[in-house]
Amino acid sequence: MRSGWLLRDGGVVCALEMAESPAERGALRGRSGCEGALHVEGARSVHTAGMKFPIDVAFLSGDLTVLRVARLKPWRLSLGGRAARSAVKTEAGSLERWGVRVGDQLEVREVPNGAVSDGP
């Protein structure tokens, strides 16, 4: 799993994990919470089967524009729509707290060697 930052307008929104394999797509499963967020490439839908906590999901276009935001309780499913190309998953309430809304242009910045420190 790669590490990095989720940015909006050049400012850091949160620390970010980036799923690199199908097994890592479900990285939040089994955890009791989430400090930052998980970016999943190729996700046009998200399910919360086996999750222990509700999550927020931001479905993103190919250029990382937020298309749709959903809150999912455990054992639910959400579709991002035809234009969705990836998803950012985080603990419920986080997207609202961070001010992430539909139409926002996000940026994913990878940290070399997975070393996440105080910011980019």
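These values consider heavy atoms only, across backbone and side chains, with no hydrogens, waters or symmetry-generated copies. The first residue in the sequence is number 1, and the count goes up from there.
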Report task. Kindly indicate, with the supporting measurements, whether the criterion side chain to side chain contact (heavy atoms under 4.5 Å, CB included) is fulfilled by K89 and L72. Result -> CA-CA 10 Å; K89 303 191 284 188; L72 298 172; over 6 Å; no
[atom1]/[X] to [atom2]/[Y] distance, rounded to the nearest 0.5 angstrom?
X	Y	atom1	atom2	answer
L16	L38	CG	CG	7.5 Å
H39	L60	NE2	CG	5.0 Å
M18	S3	CE	OG	6.5 Å

Residue pair [X] / [Y], side-chain heavy-atom distance below 4.5 Å:
X	Y	value
R85	R44	yes
E96	V69	no
S86	L64	yes

Requested in this report: Group every Ile, Leu, Val, Met, Phe, Trp and Tyr by side-chain heavy-atom contacts under 4.5 Å, then state whether V66 and V108 land in the same group.
Outcome: yes
Query raised in the report: Transitively linked via ILVMFWY side-chain contacts under 4.5 Å: L67 with L95?
Result: no
Report summary line: side chain to side chain donor-acceptor pair (under 3.5 Å) pairs touching residues 56-65, sequence neighbours excluded, are D56-R71, S61-D63, D63-T65, T65-Q105
Report summary line: Between V40 and A19 the two heavy atoms that sit nearest each other are CG2-CB, 4.4 Å
Requested in this report: Mind listing the closest non-hydrogen atom pair of V12 and W5 along with its distance?
Outcome: CG1-CE3, 3.5 Å
Requested in this report: Determine yes or no for a side-chain-to-main-chain donor-acceptor pair under 3.5 angstrom, with E91 supplying the side chain and I55 the backbone.
Outcome: no
Query raised in the report: With distance as the sole test, does R8 use its side chain to make a donor-acceptor pair with the main-chain N or O of L6 at under 3.5 Å?
Result: no
Residues 73-81 side chain polar contacts: donor-acceptor under 3.5 Å, at least two apart:
unit_1	atom_1	unit_2	atom_2	d
R76	NH1	P74	O	3.4
S78	OG	R68	NH1	2.6

Report task. Only counting residues at least two apart or in another chain, list the ones meeting side chain to side chain donor-acceptor pair (under 3.5 Å) with R97. Result -> S94
